[in-house]
Amino acid sequence: MKINPRTYEAYKLLHDGILAISKAEQQGIRVDMEYVEAKKIGLTRKIDRLEDEFKVTNFFKHWQHTSRGKVNIHSNEQLAHYIYDIKKIKVESETDSGQGSTNEEALLNLNIPELNLLLEVRKLKKIRDTYLDAFAREQVNGYIHPFFNLHIVRTYRSSSDSPNFQNIPKRDETAMQIVRRALFPRPGHQLIEVDYSGIEVRVAACYHKDETMLKYLRSDYDMHGDMAAQIFLLDKYEKSKHYTLRQAAKNGFVFPEFYGDYYGNCAPSLACSWGKLPNGKWNRGEGIEIDTSNYTLGDHLIAKGISSLSQFENHIKKIEADFWGRRFADYANWKDTWYRLYQKYGYIDLLTGFRCSGIMGKNDSINYPVQGAAFHCLLWSFIEVSKALEAGGFDSKLIGQIHDSMILDILPSELEDVKKVIRKITTEDLMNAWKWLIVPMDVDIEACPIDASWAEKSKI
DNA sequence: GGAACTCGCCAC
DNA sequence: AAACGTGGCGAGTTCC
C-alpha cells in the first residue's frame, strides 16, 4: 500500500514523540510529601472552620429549614434549588443544560455575603482534593510520573493524567503557591520551563498568511498595543501607562476573536472587569487608572462619549467589523475558504500531515488545525531536546510538557549549555525542518533557584 | 456498587 | 445563522 509521505511524517512524529515522552514520564517529578501531608491537614482545618462559620448564618439556617432532608452544602443542585426555586431569585445565567447557574460569577452577582464563605471553601477543597490528594495518591518513592497522551485529543494535541500535569494552578496566587510549593527538582538540581511565545498566533499565520499579521509577527509592531489604543480610544498607546489595557485588549478581545467569539460576548466581559454601575453607566470612582493621576478608565470613556454598556457594545461591534473587514481581511477570507473546503471534503489537513475528520462547526474547523500544528512544534522540539541531552551525556532531563512548553530538571552546571541547545532547536532547527513555518519562532525561559520548588519560577 | 451524567474549575 | 477551541478531574447525582 502506498503511504502518503505527509502521513508517514505525521506517524513518525507520534512514534518518536511517545518514545521521548515515555523517558520524561520515567524520570518523574519530585514531590515533598511531608509538606503535602502537613498542608492537607492545615487546609482541612481551615475548611472545617469556614463550614462551621457558614452553618451558623441565617442563609444556611433558612436553607436547611426549607429543605426536606439534610442539606449538603457542597451540592450545587441543592444550592440552585434553594436560591432559584425557594428564594425565587431571578436566574441571570444558566448552565449548559438550562439550570440556574451556581458558579463563582453567578454567586458573586447575587450579592449575598454568606456565599463568600462557600466560595472560599470551594477554592480550598479544589486545592486539597484535586491537586494535593492526587500528588499523594500518584507518588511513588516521592516522585510523581504524570502520563502525557498523544492518542486522545481530536486536534492531535496532547493530554495528561494521573496526575494531570497540565492544569496546575498558576494565575490564582494562593492556589499557585500552595500547589507548586509541593513540586521539586532532584536534590541539587533546578526546574526550568521553556515556552514558545504566541505560538498559536504564529502557526495560524502560516495557514492564512494574512499580510498585516505577517508584518506584526516579523517586526516589533505591537498588535495588542494597537488594539488597546483602538478599543479604549487612546490618543497614543504607551506601554508604561496602558499595560493593563493592553492585557485587557489581548485577553478580552483579540484572543476570543481568534477563537471565534464575537462582540456580544467580548464587550460585556471587557466592561465588567472595571466596574459598570447597575444603571449601565460607567463607574467614575473605580476602575483602571489610565495614567498616574486619578483619571480612571470610566472617566476617560465618558469623556469620549461612551457612558453606557450599550454604547460600549456598539463601539466594540464597530471595532470587530474593522478587525476582520480591514485589519485582518486576509485572515477572515481564509477562515471562510477553509470552512468551505471542510464542508466540501469532510475533513481538514494540518500543516504537520495529520487529518481531522468528523462533524465540525466553523470555529472547530479553524481552531483544530492551529491548535494541533502548534503543539506539534513543541513535540518536535521535545524530541530533539530529548535526543540532544542524551547524546551529549547531560544529567539534565526533560520531565514534562504543557502544550507549548517543556519542563526540565537541570543540573545547574549544565544550565547554560542546555539553554544553548534548546534555543538552537526551538528556533533555528525547527524552522529548517518545517518549511511551512514562515514566521520566526521564539521561546521564553523561566527558572527556579537550585533546590527550590516550582512556586519560585521566574524569568531569566 | 459501578457506569454515566452534570457542574464547576484548573490549565493552554 | 450563530456566536470561545482543547483537555482532566472531584463531588453530587441518577441509572441500571
Side-chain angles (χ1 to χ4, degrees), chain A residues 69-81 93-107 118-119 121-135 137-138 146-172 174-176 178-180 193 195-201 203-204 251-269 317 320 324 335 339 356 360-375 378 400-407:
Chain A
K70 194 171 176 342
V71 164
N72 178 347
I73 61 169
H74 307 302
S75 165
N76 292 318
E77 196 173 272
Q78 291 179 32
L79 181 60
H81 177 253
S93 75
E94 294 179 352
T95 67
D96 289 340
S97 71
Q99 299 303 303
S101 177
T102 57
N103 62 24
E104 181 174 19
E105 196 190 353
L107 294 188
L118 225 42
L119 289 173
V121 168
R122 266 192 202 168
K123 277 199 199 312
L124 299 180
K125 275 173 70 75
K126 175 90 177 169
I127 294 168
R128 185 191 62 181
D129 300 343
T130 301
Y131 296 105
L132 299 185
D133 269 354
F135 293 165
R137 187 178 62 244
E138 301 292 343
F147 291 105
F148 297 96
N149 315 295
L150 297 182
H151 63 286
I152 301 279
V153 183
R154 292 195 258 202
T155 62
Y156 299 98
R157 236 198 194 183
S158 66
S159 71
S160 171
D161 65 84
S162 307
N164 183 350
F165 191 64
Q166 296 179 323
N167 70 346
I168 310 283
K170 181 174 190 174
R171 290 163 198 147
D172 183 283
T174 312
M176 186 280 277
I178 295 174
V179 179
R180 295 192 174 214
E193 178 162 6
D195 80 292
Y196 273 105
S197 33
I199 195 165
E200 287 201 358
V201 172
V203 166
N251 299 318
F253 182 81
V254 178
F255 282 164
E257 287 283 341
F258 286 162
Y259 281 129
D261 205 355
Y262 84 120
Y263 71 90
N265 288 327
C266 295
S269 84
K317 184 178 179 179
E320 180 181 273
W324 292 115
K335 296 208 295 185
Y339 183 48
C356 295
M360 287 176 235
K362 183 174 182 184
N363 287 344
D364 299 329
S365 78
I366 304 302
N367 286 324
Y368 290 7
V370 175
Q371 193 181 93
F375 168 66
L378 186 277
Q401 155 271 126
I402 314 178
H403 307 305
D404 67 353
S405 76
M406 42 192 151
I407 294 91

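The shown structure was predicted, so the numbers you read here are calculated from the model rather than taken from an experiment. Numbers restart at 1 for each chain; the letters A, B, ... are given by sequence-line order, proteins then strands.
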Can you list the residues that meet the salt bridge (charged side-chain N to carboxylate O under 4.0 Å, His left out) rule with E138(A), with sequence neighbours excluded? none
Under 4.0 Å between any heavy atoms, over every strand shown, what does G264(A) touch: base, sugar-phosphate, or nothing? Just pick one. nothing
Need one value for P169(A): base, sugar-phosphate or nothing, where a base atom within 4.0 Å counts as base even if backbone is also close, heavy atoms only. sugar-phosphate
Would you classify I152(A) as touching base, sugar-phosphate or nothing, given that sugar-phosphate means primed atoms plus P, OP1 and OP2, and contacts are heavy atoms under 4.0 Å? sugar-phosphate
DNA chain B-proximal residues of residues 124-134 of chain A, any heavy atom under 4.0 Å: K126(A), Y131(A)
Counting distance only, does the side-chain N/O of N149(A) pair as donor-acceptor with the main-chain N or O of H151(A) below 3.5 Å? no
Does a donor on one side chain sit under 3.5 Å from an acceptor on the other, for E94(A) and S101(A)? no
Donor + acceptor pair across side chains of N367(A), N363(A) (<3.5 Å): no
Taking atom types as modelled and ignoring hydrogens, do the side chains of T155(A) and Q371(A) form a donor-acceptor contact shorter than 3.5 angstrom? yes
Is there a residue in residues 71-80 of chain A whose heavy atoms reach under 4.0 Å of DNA chain C, and which residues are they? N72(A), H74(A), S75(A), E77(A), Q78(A)
Which part of the nucleic acid does S101(A) contact within heavy-atom distance under 4.0 Å: base, sugar-phosphate only, or nothing? sugar-phosphate
Walking DNA chain C from its 5' end, the first of H403(A) and Y262(A) to be reached, judged by nearest nucleotide, is Y262(A)
Has S159(A) got a side-chain N or O lying under 4.0 Å from the OP1 or OP2 atom of dG8(C)? yes
Go through the side-chain N and O atoms of Q401(A) and S158(A) and say whether any donor and acceptor fall under 3.5 Å apart. yes
Salt bridge (charged side-chain N to carboxylate O under 4.0 Å, His left out) contacts in which one or both residues fall within residues 123-132 of chain A, not counting sequence neighbours: E104(A)-K123(A), K125(A)-D129(A)
For E320(A), check salt bridge (charged side-chain N to carboxylate O under 4.0 Å, His left out) against everything at least two apart and list the hits. none
DNA chain B: 5'-most and 3'-most nucleotides touching chain A, 4.0 angstrom heavy-atom criterion: dT6(B) to dC12(B)
Regarding N367(A), tell me which of base, sugar-phosphate or nothing describes its non-hydrogen contacts under 4.0 Å with the strands shown. sugar-phosphate
So what does R171(A) touch, heavy atoms closer than 4.0 Å: a base, only the sugar-phosphate, or nothing? base
So Q99(A), base contact, sugar-phosphate only, or nothing? Heavy-atom distance under 4.0 Å. sugar-phosphate
Sugar-phosphate only, base, or nothing, as touched by E257(A) at under 4.0 Å among non-hydrogen atoms: nothing
For S158(A), report the nucleic acid contact type (base, sugar-phosphate, nothing); a contact means any heavy atom under 4.0 Å. nothing
Applying a 4.0 Å non-hydrogen cut-off, can you work out what Y368(A) is touching in the nucleic acid: base, sugar-phosphate, or nothing? sugar-phosphate
Under a 4.0 Å N-O cut-off, is there an ion pair linking E200(A) with R157(A)? yes
